Number of protein chains: 2
Amino acid sequence: MAKVDTSLVAHLPLFAGVKPDDLDEILREARSARYPRNTAIFEQGADAQSFFLLLHGHVRATKTTPTGEQIVVRYVAPGETFGLAMAIGAVHYPATAMAVDDSVVLIWPNSAWPRLIERFPAIATNTLQTVGARLQESHTRILEMSTQQVEQRVAHALLRLAKQSGKKLDHGIEIDFPISRQDIAQMTGTTLHTVSRILSGWESQGLVESGRQRIILRDPHKIVVLAERTADSSPI
Amino acid sequence: MAKVDTSLVAHLPLFAGVKPDDLDEILREARSARYPRNTAIFEQGADAQSFFLLLHGHVRATKTTPTGEQIVVRYVAPGETFGLAMAIGAVHYPATAMAVDDSVVLIWPNSAWPRLIERFPAIATNTLQTVGARLQESHTRILEMSTQQVEQRVAHALLRLAKQSGKKLDHGIEIDFPISRQDIAQMTGTTLHTVSRILSGWESQGLVESGRQRIILRDPHKIVVLAERTADSSPI
DNA sequence: CAGGCAGTTTGCGATAGCGCAAAACGGGCC
DNA sequence: GGCCCGTTTTGCGCTATCGCAAACTGCCTG
């Protein structure tokens, strides 16, 4: 297996406060793997045996109801951890992880976790902070779903994606991985039909340019305005 | 200040893996305080200076939008921690905490946190697990808001409250603190009007008995059935 | 290069739940 | 015991959004 260069991961929040020498030791416990686009990394409900760090690509975490309805929990960007079931005391993965682009991940066996945080308590602290940040994002999402109209929620979702994984273009920001209307619907609690209608509308106003699993924000500023507009703001 | 008996808190998840002698040392760093019903413990956006452990009573955490709309993030039951802004790397409290009943809390200054987790790494691990559990609950809530009708969401919310803070009666379960229609609306992403209509309907079927800030589940089993019924299940 | 399929667009009718308004209720406080 | 205020109930019209159906499109594959 190709060895992972410590310099590539040393700056990640997960390893803040860990000495470079130690980092090497940590990485030796991991193996790396490549997942082609549209392959599952783990399935909701499966025994959690490993935890992951995304090095390259993009991963979508989804949660499914017994009746088959699904939401997108989040998109994982390079440098972020996922599948931390062990750390948060879960025996099974609470969500399904799928590579939406060809992706490369580091994989630690769960058995490494207790040893890791014993030797490097900073890792526990760092993880607590990331999980805490995700908790706050979830609360924000709940707040949005409770108080905003669909159009605003879609605007927020796109802006967040652009911030997390946007590729700056000469004229606009492109979301840097394949994403469908359906995916956006599952991020915002609506249907792909409604998302399609909204994006069509925006496209005709020149706010976005989009097509098959592809979205470019041509006028991010106006989308911010849309996102912040309250229901009773004056139209036009 | 009255000293807190270690035996009262020794069994809490927060202190799992901490030796009784050490516990005493931990508690000496805290002070306790009493908050009468309907008083704020901290406000969203304020500088986070302390973190809290609820000993007695009930606390409601709410999050408010710039435009004044509000959701209930969660209800805190005795034995649970809240206001962990420091632990998750937040400088300001992300929510407002209010005592919904006369409440007694332990309060640690944030400055105690780094020392605490250094001396007792188990506390960091335990906190990571509780925060992780809350994250999963949030995801479940998002899933429900995305896929279920209001009636089912209200059913789920009441069942959760009953489980967390239900007082078993001869015939049913009473939610053990004052809670209004408005509160339930803010937990489920709807309006107090709709909650009122739903509860009225249930009351006429003998599923619940309720009044001013008071709810008794008279037939929890049927409410479970309601909660699980999918939109396309046959009526009656 | 043709075909097929996944993803997207669009129309149209149905409706759950909102928003507003007003009345009824109940409990605590003086 | 009576008053007052916060809470709850209920009616009614409205509309954002869903749900279904059908057509369209662009990409990838063979």
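Predicted model only: the values in this text are computed from it and were never measured. Chain naming here is simple, since letters A, B, ... match the order of the sequence lines and numbering starts at 1 in each.
Of all heavy-atom pairs spanning B:Gln213 and B:Arg37, the tightest one is NE2-NH2, 3.2 Å. Taking every heavy atom of both residues into account, B:Ile88 and A:Gln136 meet most closely at CD1-NE2, 3.6 Å.
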Quick one, B:Phe52 with B:Phe42, criterion ring-ring contact (aromatic ring centres under 6.0 Å, His included). Give me CA distance, side-chain angles, the key distance, then yes/no. CA-CA 10 Å; B:Phe52 304 80; B:Phe42 56 78; 5.4 Å; yes

Apply side-chain hydrogen bond (donor to acceptor under 3.5 Å, both in side chains) to the pair A:Ser210 and A:Arg181, showing each step before the final yes or no. CA-CA 10 Å; A:Ser210 73; A:Arg181 307 290 187 256; 2.8 Å; yes

Compile the donor-acceptor pairs under 3.5 Å between side chains in residues 188-201 of chain B and protein atoms, sequence neighbours left out, one pair per line.
unit_1   : atom_1 : unit_2   : atom_2 : d
B:Thr188 : OG1    : B:Ile184 : O      : 2.8
B:Thr188 : OG1    : B:Ala185 : O      : 3.4
B:Thr191 : OG1    : B:Thr194 : N      : 3.3
B:Thr191 : OG1    : B:Thr194 : OG1    : 3.2
B:Ser200 : OG     : B:Ser196 : O      : 2.9

All N/O donor-acceptor pairs, side-chain side in residues 170-180 of chain A, below 3.5 Å, sequence neighbours left out:
unit_1   : atom_1 : unit_2   : atom_2 : d
A:Ser180 : OG     : A:Gln182 : N      : 3.3
A:Ser180 : OG     : A:Asp183 : N      : 3.1
A:Ser180 : OG     : A:Asp183 : OD2    : 3.1

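Without hydrogens or angle criteria, A:Gln44 side chain to A:Thr64 main chain gives a donor-acceptor distance under 3.5 Å. Looking only at distances, no side-chain donor or acceptor of B:His58 sits under 3.5 Å from a matching main-chain atom of B:Val100.
Protein chain B contacts DNA chain D over a range whose 5' and 3' limits, counting nucleotides with an atom under 4.0 angstrom from a non-hydrogen atom, are D:dG6 to D:dC12.
With axes fitted over five pairs at each extremity, the angle between the ends of the helix from C:dC1-D:dG30 to C:dC30-D:dG1 is 50° (10° resolution).
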Could you encode protein contacts along nucleotides 1-11 of chain C as a string, one character per nucleotide from 5' to 3', using B for base contact, S for sugar-phosphate-only contact and - for no contact, with a heavy-atom cut-off of under 4.0 Å? -----BSBBBB

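The phosphate of C:dG19 (OP1 or OP2) has no side-chain N or O of B:Thr191 nearer than 4.0 angstrom.
Applying the side-chain hydrogen bond (donor to acceptor under 3.5 Å, both in side chains) test to every pair with at least one member in residues 78-105 of chain A, sequence neighbours left out, gives these pairs: A:Arg34-A:Asp102, A:Asp47-A:His92, A:Arg74-A:Glu80, A:Glu80-A:Gln164, A:Thr81-A:Arg134.
Salt bridge annotation for B:Glu144-B:Arg153: absent, with no cationic side-chain nitrogen under 4.0 angstrom from a carboxylate oxygen.
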